[in-house]
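A short write-up of the structure that comes next.
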Amino acid sequence: MKRQIQELLVLQELDALLADLGEAAMREHEAALGFTLGEPTRLAVARAEAAARIEPEILGRYETVRRRHPRAVVPSIDGTCLGCFTMRPTAMSSSRPGGLESCERCGRILYRLEEERREPPAPPPPPVVAPRKKAAPKKRG
Amino acid sequence: MKPSEIATSFRLEPGLFLSDLEVATQEELFAALVDALVAAGAVLDRQALLRLLVEREALGTTGLGHGVAIPHARSMVARRTTLVCARLARELEFGAVDGRPVRLVYLVVAPYGAGGEGYLPLLGVLVAALHHDGDRERLLAVESFADLEKLARQLIRPRIQEALAR
């Protein structure tokens with residue numbers, strides 16, 4: 001799962017760059033700054049290779065969502081989709097290709113942030129406390 | 001926040017200056033820069049940004065001459081406009097426009113939309129500074145985070161404001 005999300009994020013970056021290259025304004029701006037952009041032949045190959053690493057069902061879902069939202073894969077934080085900022089939108093559903101989490105409202109594919117995906121740190125060992133000695137009964141008298 | 005403040009807003013912190021960076025290839029360089037961004041919490045995913053930078057560079061060099069490269073990209077995994085600067089321990093072949101190897105790198109990354117407003121102004125000012133004799137010396141003289149902060153305070157942010165005022 002994590003690997004497929006990873007591949008989707010790479011694919012999404014390449015798609016965004018390809019879309020940028022299709023805009024005359026972006027090319028003009030780069031040229032004005034002195035950056036020369038060649039033809040995206042290698043980029044198209046890289047895009048095809050990235051797509052080939054994704055399971056067909058998941059890729060199909062990505063392509064479907066991307067038609068509505070250029071940013072089809074977005075993070076979620078504490079159950080909030082950062083695509084539409086709706087709370088508690090997620091549902092793990094077997095009907096979703098590959099069991100990917102999706103936002104129930106906007107349909108975007110969700111991923112948890114890298115820091116949240118990491119293993120939580122092991123809890124600290126319990127403090128070693130010497131057993132308390134029972135207070136000696138006070139002597140009477 | 002006023003529009004001018006948004007446009008001059010970019011993230012700068014000590015972990016985003018890499019001194020005497022030892023790299024042998026462009027990919028190693030980009031990996032080190034992205035690692036710094038990840039450590040600073042400035043990007044959401046390492047692999048995606050790294051791949052983007054490598055593919056962007058393959059489209060055309062960002063080595064603009066004078067031993068300086070200014071790689072840049074808008075990214076779906078960037079959190080906000082961020083500047084990373086690296087001074088390399090050894091010169092690196094970059095296919096630069098003047099054929100000279102690179103020793104100093106200024107990487108600009110920004111998200112699409114909100115948070116990325118400062119991207120084009122920052123990129124524009126860095127490039128303009130590189131082509132201006134006096135400013136270029138200041139750009140080339142950055143050897144520490146303190147120098148970078150000073151550059152941002154005395155040159156980059158004021159120039160962005162000047163450009164916006166025109």
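Letters A, B, ... are given to chains in the order of the sequence lines, protein chains preceding strands, and every chain is numbered from 1.
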| field | Heavy-atom proximity to chain A below 4.5 Å, by part of Val127(B) | value | side chain

| said: Within a 6.0 Å radius of atom CZ on Arg90(B), are there more than 12 heavy atoms belonging to other residues, nucleotides or ligands? | reply: no

| said: Grouping I, L, V, M, F, W and Y whenever their side-chain heavy atoms are under 4.5 Å apart, do Val45(A) and Leu59(A) come out in a common cluster? | reply: no

| Part of Leu21(A) lying under 4.5 Å from any heavy atom of chain B | side chain

| query | Taking the side chain from Glu13(A) and the backbone from Met76(B), do they hold a donor-acceptor pair closer than 3.5 Å? | reply | yes

| task | Look at atom CD of Glu27(B) and say whether more than 12 heavy atoms of other residues, nucleotides or ligands are closer to it than 6.0 Å. | result | no

| Is the shortest heavy-atom distance from the side chain of Leu59(B) to the side chain of Leu17(A) under 4.5 Å? | yes

| query | Under a 4.5 Å side-chain heavy-atom rule over Ile, Leu, Val, Met, Phe, Trp and Tyr, are Leu107(B) and Val97(B) clustered together? | reply | no

| Atom pair CG (Leu44(B)) and CD1 (Ile77(A)), whose distance is rounded to the nearest 0.5 Å | 7.5 Å

| Applying the 4.5 Å side-chain criterion to the ILVMFWY set and letting contacts propagate, would Val65(A) and Ile54(A) be lumped into a single cluster? | no

| task | Identify the two heavy atoms, one from Tyr112(B) and one from Asp20(A), that lie closest to each other, and give their separation to 0.1 Å. | result | OH-OD2, 2.7 Å

| task | Please look at Glu30(A) and chain B and tell me whether the side chain, the backbone, both or neither of the residue comes under 4.5 angstrom of a heavy atom of that chain. | result | side chain

| remark: With chain B, the option among Ala46(A), Gly34(A), Ala50(A) that has the most non-hydrogen atom pairs under 4.5 Å is Ala46(A)

| said: Using 0.5 Å steps for rounding, measure from the CG atom of Leu33(A) to the CG atom of Leu120(B). | reply: 8.0 Å

| Which residue out of Leu49(B), Leu123(B), Leu64(B), Thr61(B) racks up the most heavy-atom pairs below 4.5 Å with chain A? | Leu64(B)

| query | When rounded to the nearest 0.5 angstrom, what is the spacing between CE in Met26(A) and CZ in Arg74(B)? | reply | 9.0 Å

| So which part of Pro75(A) gets closer than 4.5 Å to some heavy atom of chain B, the side chain, the backbone, both or neither? | side chain

| query | Can you tell me how far the CD atom of Gln12(A) sits from the CZ atom of Arg51(B), to the nearest 0.5 Å? | reply | 15.0 Å

